[in-house]
Amino acid sequence: MLEESTESEWQSEVKTGTTIIAVEFNGGVVLGSDSRVSAGETVVNRVMNKLSLLHDKIYCALSGSAADAQTIAEMVNYQLDVHSIEIGEDPQVRSAATLVKNISYKYKEELSAHLIVAGWDRRGGGQVFVTLNGLLSRQPFAVGGSGSSYVYGFVDAEYQKGMSKEDCQQFVVNTISLAMSRDGSSGGVAYLVTIDEKGAEEKCILGNELPTFYDQ
Amino acid sequence: MAACMSANRSENAFSANDLVPEWAQEEVSTGTTIMAVEFDGGVVIGADSRTTTGAYIANRVTDKLTPIHDHIFCCRPGSAADTQAVADAVTYQLGFHSIELDEPPLVQTAANLFKQMCYRYREELMAGIIVAGWDKRKGGQVYTVPMGGMIVRQPVSVGGSGSSYIYGFMDSNYKPGMTKEECLHFCTQALTLAMERDGSSGGVARLAAITEDGVERRVVLGNQLPKFSNV
């Protein structure tokens, strides 16, 4: 019995099951994610930070295959560094999103990862871009990952235009908490990154500090 | 879920036949969003109104709330044929049982009849049912009988393909001790959100409130559904 389970662990691909979300507010963005990485039924990492830095004020949220997502993020991080040196100033969020999109689209058949790119730049303020399957689209907020299915109704109902920074942070935490309680592939702690003109602020909210809802 | 079953069936000799459109070969499925909520004195049940055969909407004003006794209803997502057959069988059994007892049957009895059938034929059936109603002994009750044939009583339950999208909304917005009007409003909102996101759910929202006094049915048409600020 013991050998059976060890075999299947190594044979399943490592996926970040996941719930990820990014929301724009006037003056910046808030990104959030859970922290569970699973290989089949085993949780191989329960504290992974899925919010990856692409540049000082541009982050991306990873979902799908852990290897694919991390590789894309690293490649774009390098490309953005080169690009920002060439232009002599901080890159635009749209540029970062385009770089992610280019990789996602070109290797569409081989990769299975979805990155949500969000950040702040001088020209456009806070922006959120989705790059699912190689498309590029700007949205006021975006959710992704397996846990996102369970909270589409919640985010549709609760999202309001023109929320403040604190409201956005609370909205993101609530969404992740609800998704984690319904999706088997999401769980652990919640990571939050708030990006505005001044920079990026990372935060980690432990499992027992997350908001609880009815029947929890 | 029905989409998986249909995919297998369309791989036959007829798929090359252009005379018969693809949707006519697909199984009829009530894709669906259904839900039921208990309140003090009764239950509120709701469903969307779309029945699909593949990508074609066979019926856009379906009534998925099926009475199985005066004060007991069931909501039937999944294969239309399977759930209709099971519901008909249970309606017959319950009617007979009620005559023998000489009083209205219990909701728990109805739910258990569904469970027995769904469990015995769990390999052949694709039916997950929500049974809701009112009886004298325990008041309003909601029982869920998912595929496989389990039975559990819950104060609020959602089902069908559209239900995945509203678990978060349900968890955050349900409060125990709501009134009938609050429950109706909660159901309408939840169904609207699911119909927005699920391709297999849509049309109008049908609701029913079951109390000691009987059944009060409501229909909320497409343009009267609540609007949420959206992208």
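All chains are named by letter (A, B, ...) in the order of the sequence lines, taking the proteins before the strands, and each is independently numbered beginning at 1.
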> Do any of residues 172-189 of chain B have a heavy atom less than 4.5 Å from a heavy atom of chain A, and if so, which, in residue order?
Replying inline: B/Ser172, B/Asn173, B/Tyr174, B/Pro176
>> Tell me which of these, B/Ala190, B/Pro226, B/Gly162, B/Gly168, has more heavy-atom pairs under 4.5 Å with chain A than the rest.
In response: B/Gly168
>> If the threshold is 4.0 Å, N to carboxylate O, is there a salt bridge linking B/Arg50 and B/Asp198?
In response: no
> Between A/Lys57 and A/Asp121, is the closest basic N to carboxylate O distance under 4.0 Å?
Replying inline: no
Side chains of [Y] and [X]: any donor to acceptor distance under 3.5 Å?
X: B/Thr51; Y: B/Thr62; result: yes
X: A/Thr194; Y: A/Lys165; result: no
X: A/Asn174; Y: A/Gln170; result: yes

> Mind checking whether A/Phe154 and A/Phe213 have parallel, tilted or perpendicular rings, split at 30° and 60°?
Replying inline: perpendicular
